[in-house]
Amino acid sequence: MAAKFITLEGMDGAGKSTHIPNIIQMLTARGVEVVSTREPGGTLLGEKLRALLLHESMHPETETLLMFAARREHIAQVIAPALARGAYVLSDRFTDATYAYQAGAKGVEADKVVQLEHWVQAGLQPDITLLFDVPVEVSVARLSSAREPDKFERESAEFFAKIRAAYLLRARENPDRFKVIDANQPLAEVYKAVEAVIAAL
Ligand code: TYD
């Protein structure tokens, strides 16, 4: 079976992390190697950048550049070699998050993200992106009952509304790649929806 690059996206609190072990299991059951990773992060340097990105305040363009710096390392060290040997790569977030958070919510010009995307990815795109979608109130309610929030999780409902709108726009613009999962249903239903997407790969 050919290598596939699968990314998971959604607002904080949409519940995507809950499904990662299930997705790994579904893919492993097909007998393929699965490389599970995340952004920002995925490499030693990337995890150091993640610590800065999640806890230090900085200009939104600095944030964008650091996201792509981490991504460059992630592609070079993890994603490209894994795809080259035929593995499935499952990344908890990728460039759609930069469109949603830095461009959509923080006002960085989308064109600058497009330029960095061309530079850093050189044509590499996910094969499938699962977007875990929930109404903003649900995300905010889940976050307020969760662990100590990071910089992004402390933002307002207005900020999350922009993120959701930006993600849904990305999904409309890339209908072949995006699979929008209604994550505002009982866990078993979300599981079934995810399973259907993975089965259809
Ligand atoms: P997240 O993936 O939600 O991890 P956790 O579940 O451990 O909190 O956290 C990563 C945060 O980084 C999230 O709030 C979104 C943000 N982010 C961006 O703003 N831009 C990006 O390009 C990426 C990859 C993440």
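Counting convention: from 1, in listed order, for ligands and their atoms alike. Side chains are part of it too, since the values below use all heavy atoms of this structure and drop only hydrogens, waters and symmetry mates. All figures in this text were calculated on a predicted structure; none of them were measured in a lab.
For Ala100, no heavy-atom contact with ligand 1 is shorter than 4.0 Å. The side chain of Asp150, and not its backbone, has at least one atom closer than 4.0 Å to an atom of ligand 1 (non-hydrogen atoms only; side chain from C-beta on). At a heavy-atom cutoff of 4.0 Å, ligand 1 is contacted by the side chain of Lys16 but not by its backbone.
At a threshold of 4.5 Å between non-hydrogen side-chain atoms, the residues Asn174 and Thr129 do not count as touching. The shortest distance between side-chain heavy atoms of Lys4 and Val32 does not fall below 4.5 Å.
Every atom of ligand 1 is numbered from 1 in the order shown, and the set under 4.0 Å from a heavy atom of Asp12 is 3 (O), 13 (C), 14 (O). Every atom of ligand 1 is numbered from 1 in the order shown, and the set under 4.0 Å from a heavy atom of Glu39 is 24 (C). Within ligand 1, the atoms closer than 4.0 Å to a non-hydrogen atom of Glu153 are 8 (O), numbered from 1 in the order shown. Heavy-atom contacts of Pro40 reach the following atoms of ligand 1: 12 (O), 23 (C), 24 (C), 25 (C) (cutoff under 4.0 Å). With ligand atoms numbered from 1 in the order given, ligand 1 contributes 22 (O), 24 (C) to contacts under 4.0 Å with heavy atoms of Arg71.
Note that Arg71 lies in the cation-pi zone of Phe68, set by a 6.0 Å cut-off to the ring centre and a 45° limit from the axis.
At the shortest separation from atom 19 (O) of ligand 1 among protein heavy atoms lies Gln102 NE2, 2.9 Å. Protein heavy atom in closest approach to atom 22 (O) of ligand 1: Thr98 OG1, 2.6 Å. Distance from atom 6 (O) of ligand 1 to its nearest protein heavy atom, with residue and atom name: Arg147 NH2, 3.6 Å. The protein heavy atom nearest to atom 2 (O) of ligand 1 is Arg93 NE, 2.7 Å. The protein atom (non-hydrogen) at minimum distance from atom 21 (C) of ligand 1 is Met67 SD, 3.4 Å.
Among Phe68, Phe94, Tyr101, the residue whose heavy atom lies nearest to atom 15 (C) of ligand 1 is Tyr101.
Other residues, nucleotides and ligands contribute at most 12 non-hydrogen atoms within 6.0 Å of the CD atom of Glu158. Annotation for Gln25: atom CD does not count as buried by contact number, only 12 or fewer foreign heavy atoms lying within 6.0 Å. Heavy atoms from other residues, nucleotides or ligands lying under 6.0 Å from NZ of Lys192 number 12 at most.
Side-chain atoms of Asp127 and Tyr88 form no donor-acceptor pair, as typed in the model, at a separation below 3.5 Å.
The aromatic rings of Tyr101 and Tyr167 lie perpendicular to each other, with more than 60° between the two planes, well past the 30° mark.
The backbone N or O of Pro40 sits less than 3.5 Å from a side-chain atom of Arg50, completing a donor-acceptor pair.
Considering NZ of Lys16 and CE of Met11, their distance stands at 11.5 Å, rounded to 0.5 Å.
In terms of N/O distances under 3.5 Å, ligand 1 is not approached by Arg38.
Using a non-hydrogen distance threshold of 4.0 Å, Arg50 registers as a contact of ligand 1. Residue Lys151 places no heavy atom under 4.0 Å from ligand 1.
Residues Glu155 and Lys162 are not paired through a salt bridge, judged by the lack of any N-O separation under 4.0 Å between the basic side chain and the carboxylate.
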